[in-house]
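Note on naming: letters A, B, ... go to the chains in the order of the sequence lines (proteins, then strands), and numbering restarts at 1 for each one. Since the model is a prediction, treat every value here as computed from it, not as a measurement.
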Amino acid sequence: MRLTVPFDLDFSLCCGQVFRWQKLDGWWYGVVGDKVLKIRQCGCELEFEGADEGFVRYYFRLDDDLAEIGRCVDRDSYIHTALKQYAGLRLVRQEPWNCLVGFICSIQKNIPAIENMLQQMSSLFGVEREFDGKAFHLFPTAEQLALASEIGLRKCSLGFRAKYVKATAQKIVDENFDLNSLRQLPYLEARSKLLEFMGVGLKVADCVLLFSLDKTEAFPVDVWVKRVILNHYSDKLSSELVKRLQSRQTLTNKEYLKIGDFARGYFGQYAGYAQEYLYHYERTQR
DNA sequence: TCCTAGCCTTTACC
DNA sequence: AGGTAAAGGCTAG
């Protein structure tokens, strides 16, 4: 498949938004929904197996107008540098259920640990699928995780998150909850629906909204983004808020909402895209 | 109603 | 080896 739009596969898969892709012999292998696929990029050429072109276009959001998004969020020299550095980085349109569990697991965990938890859950509870001579496991469905015991989930290194995942799976099954239907709702309404799941606060909800439900105005604020705000945008916030952010490690909901509202006002409807560039740039500057 | 402190598990990295 | 930070959320008060 020949690319006619800017895209960088490595940046998009390495920037911390996805947890179940691995690179082997120059190919990226990933499990998405009920598919196992592999993909690699050589310049403008995208090669893949396991899915059709429509799926690849949808999953990697190749229809997003990256040039236009860049123009919208390019508001200062700092983000300008991040945009240049990671030109071609795209948000990935993840499968919502997998995304939701992934970010519940992200609570107080670094990325390698999250990848480890999801891998263990998949191996223990997901359907095995052979592809390219290798064994993969689909991510377990809500039904499968609802049937899992908290003990079983704790065996996957989830710790206190085991209860959250179990309860969330149970709610999905009990209410026949269709996460994809949240796509039709406005940002704030979809967010309040997600907040009803145990283990989902503002941060996790924003991640699910941004990475799987097309809410590009969602602006997840974690410790890294908080650093970006303090180090590069503090002059745009009230000195009172800045003082609070400096003196405490974790954000209160009120502070979190203030930062998100600032970001949406400053970067606009694609604030979430700005977040991803800033997040990845901050993490790789050291 | 809103806010805060204390607690929750485990891993990676220093 | 020991400590700390890690894409935070829940609950009692």
- Item | d(CD, A:Glu255; C1', B:dA5) in whole Å | 14 Å

- For the pair made of CG in A:Leu194 and P in C:dG9, what is the distance, rounded to whole Å? 12 Å

- Query: Base, sugar-phosphate alone, or nothing: which one does A:Glu276 contact when heavy atoms must sit under 4.0 Å apart?
  - Reply: base

- Task: Could you go through the salt bridge (Lys or Arg N to Asp or Glu O under 4.0 Å) check for A:Asp261 and A:Lys258 one step at a time?
- Result: CA-CA 5 Å; A:Asp261 287 341; A:Lys258 274 187 185 168; over 6 Å; no

- Task: Let me know the distance between CH2 of A:Trp224 and P of C:dA6, rounded to the nearest Å.
- Result: 6 Å

- How many angstroms lie between CG in A:Leu3 and CD in A:Glu45, if you round to the nearest 0.5 Å? 7.5 Å

- Length of the line joining A:Arg248:CZ and B:dC3:P, which is rounded to integer Å: 13 Å

- Going through the distances and angles, do A:Glu189 and A:Lys193 end up as a salt bridge (Lys or Arg N to Asp or Glu O under 4.0 Å)? CA-CA 6 Å; A:Glu189 289 178 33; A:Lys193 289 289 185 190; over 6 Å; no

- When you measure from every atom of DNA chain C, which of residues 92-113 of chain A have a heavy atom less than 4.0 Å away? A:Phe103, A:Ser106, A:Ile107, A:Gln108, A:Lys109, A:Asn110, A:Ile111

- Is the shortest distance from a Lys or Arg side-chain nitrogen in A:Asp132 or A:Lys38 to a carboxylate oxygen in the other one below 4.0 Å? yes

- Message: Would you say A:Arg283 places a side-chain N or O within less than 4.0 Å of OP1 or OP2 belonging to C:dA5?
- Response: no

- Message: Determine whether a donor-acceptor pair (one donor, one acceptor, N or O, separation below 3.5 Å) exists between the side chain of A:Glu282 and the base of C:dA7.
- Response: no

- Message: Quick check on contacts: within residues 144-175 of chain A, what sits under 4.0 Å from DNA chain B by heavy-atom distance?
- Response: A:Arg154, A:Ser157, A:Gly159, A:Phe160, A:Arg161

- Check every strand shown and say whether A:Met117 touches a base, only sugar-phosphate, or nothing at a heavy-atom separation below 4.0 Å. nothing

- Message: Distance check needed: C:dG8 C1' versus A:Lys226 NZ, whole Å only.
- Response: 12 Å

- Take A:Glu68 and A:Arg71 through the test salt bridge (Lys or Arg N to Asp or Glu O under 4.0 Å) and record every step on the way to the result. CA-CA 5 Å; A:Glu68 169 64 12; A:Arg71 279 193 293 276; 3.1 Å; yes

- Describe the nucleic acid contact of A:Val225 in one word from base, sugar-phosphate, nothing, applying a heavy-atom distance below 4.0 Å. nothing

- Task: Specify whether A:Tyr78 and A:Tyr281 have parallel, tilted or perpendicular ring planes, treating 30° as the upper limit for parallel and 60° as the lower limit for perpendicular.
- Result: perpendicular

- Determine the contact category for A:Gln120: base if any of its heavy atoms lies under 4.0 Å from a base atom, sugar-phosphate if only primed atoms, P, OP1 or OP2 are that close, otherwise nothing. nothing

- For nucleotides C:dA7 and B:dC7, find the distance between their P atoms and express it as a whole number of Å. 24 Å

- Query: Ion pair present between A:Arg93 and A:Asp214, side-chain N to carboxylate O less than 4.0 angstrom?
  - Reply: yes

- A:Arg129 with A:Asp34: basic N within carboxylate O range, under 4.0 Å: no

- Task: Check every strand shown and say whether A:Val221 touches a base, only sugar-phosphate, or nothing at a heavy-atom separation below 4.0 Å.
- Result: nothing

- Looking at every strand, decide which applies to A:Leu251 at a 4.0 Å heavy-atom threshold: base, sugar-phosphate, or nothing. nothing

- Message: What's A:Phe211 touching, base or sugar-phosphate or nothing? Going by heavy atoms closer than 4.0 Å.
- Response: base

- Query: Side chain of A:Asp74, backbone of A:Gly70: donor and acceptor closer than 3.5 Å?
  - Reply: no

